[in-house]
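Computation of the quantities below employed the complete heavy-atom set of this structure, encompassing side-chain atoms and omitting hydrogens, waters and symmetry-equivalent molecules.
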Amino acid sequence: MHDNREAMMVVRAELCDRFDRLRARSDRMSGADFRSGVEGIRMLASVYGLAPVARLAEALHSAAASDRPGSSPVGLYMERLRDSIGCERVDEEASQAMLASISVRLSA
């Protein structure tokens, strides 16, 4: 059990690194490169069962396909994606709650 917890900490650290690199470079990236970086985060999260991270990355990918990386909706998804990486819960309910929080802010 202890080894599994440590392994998950390593995965989360890798996700944080990828996220931070993506955020730092997003203003200079093409849309395709940005979406590719988001897809890499989604794939890693999916492999390790981090549903909230995978779902937020999927939603961010969709938002980025229709907006530019620095736009407001993309920014909201980026904020929540970062939050999801540190989220202890990994179930679909947590995913839905995070996605709903974005919907509320977008409709306000």
Side-chain angles (χ1 to χ4, degrees):
M1 181 75 161
H2 185 66
D3 289 337
N4 188 32
R5 188 169 174 87
E6 285 182 18
M8 193 56 69
M9 287 175 57
V10 170
V11 170
R12 288 181 191 272
E14 174 63 23
L15 288 166
C16 285
D17 287 345
R18 289 183 186 200
F19 177 86
D20 291 342
R21 284 193 307 268
L22 186 67
R23 173 165 265 168
R25 297 178 186 156
S26 64
D27 290 341
R28 299 179 304 276
M29 297 175 95
S30 69
D33 288 343
F34 180 81
R35 290 188 303 277
S36 177
V38 172
E39 180 62 11
I41 290 171
R42 186 200 66 76
M43 289 173 44
L44 181 61
S46 293
V47 166
Y48 287 95
L50 298 172
V53 179
R55 298 273 286 142
L56 264 291
E58 182 179 303
L60 172 57
H61 189 279
S62 295
S66 58
D67 290 322
R68 62 187 219 308
S71 70
S72 180
V74 170
L76 290 174
Y77 283 102
M78 289 288 285
E79 289 174 25
R80 296 309 287 166
L81 178 58
R82 181 68 164 108
D83 293 343
S84 71
I85 292 170
C87 183
E88 290 293 322
R89 291 183 53 195
V90 295
D91 57 37
E92 190 58 29
E93 287 179 1
S95 303
Q96 292 303 315
M98 289 183 170
L99 290 169
S101 73
I102 294 169
S103 292
V104 167
R105 290 180 69 187
L106 287 175
S107 64

task: List for me each residue that meets side chain to side chain donor-acceptor pair (under 3.5 Å) alongside S36, sequence neighbours excluded, and say none if there are none.
output: none

query: Could you go step by step and tell me if R89 and S95 meet the side-chain contact (heavy atoms from CB on, under 4.5 Å) rule?
result: CA-CA 9 Å; R89 291 183 53 195; S95 303; over 6 Å; no

message: For the backbone of F19 and the side chain of R23, can you confirm whether one donor and one acceptor N or O come within less than 3.5 Å of each other?
response: no

query: Would the number of heavy atoms belonging to other residues, nucleotides or ligands and lying under 6.0 Å from CE of M8 be above 12?
result: yes

message: Tell me whether M43 shares a hydrophobic cluster with L60, the cluster being built from Ile, Leu, Val, Met, Phe, Trp, Tyr side chains joined at under 4.5 Å.
response: no

- prompt: Does atom CZ of R25 have more than 12 heavy-atom neighbours, drawn from other residues, nucleotides or ligands, at distances under 6.0 Å?
  reply: no

- prompt: Taking R18 for the side chain and G40 for the main chain, is one N or O donor matched with an acceptor at less than 3.5 Å?
  reply: yes

Worked check of side-chain contact (heavy atoms from CB on, under 4.5 Å) between R42 and L56: CA-CA 8 Å; R42 186 200 66 76; L56 264 291; over 6 Å; no

- request: Output, in order, the C-alpha distance, side-chain angles, deciding distance and verdict of salt bridge (charged side-chain N to carboxylate O under 4.0 Å, His left out) for D20 and R82.
  value: CA-CA 9 Å; D20 291 342; R82 181 68 164 108; 3.8 Å; yes

query: Can you tell me how far CD1 of I41 sits from CD of E58, rounded to the nearest 0.5 angstrom?
result: 14.0 Å

query: Does R55 use its side chain to pair, donor to acceptor, with the backbone of A94 at less than 3.5 Å?
result: no

- prompt: Quick check: does any side chain N or O of R12 sit under 3.5 Å from a backbone N or O of I85, one acting as donor and the other as acceptor?
  reply: yes

- prompt: Cluster question for you: counting only ILVMFWY and a side-chain heavy-atom cut-off of under 4.5 Å, with indirect links fine, are Y48 and M9 together?
  reply: no

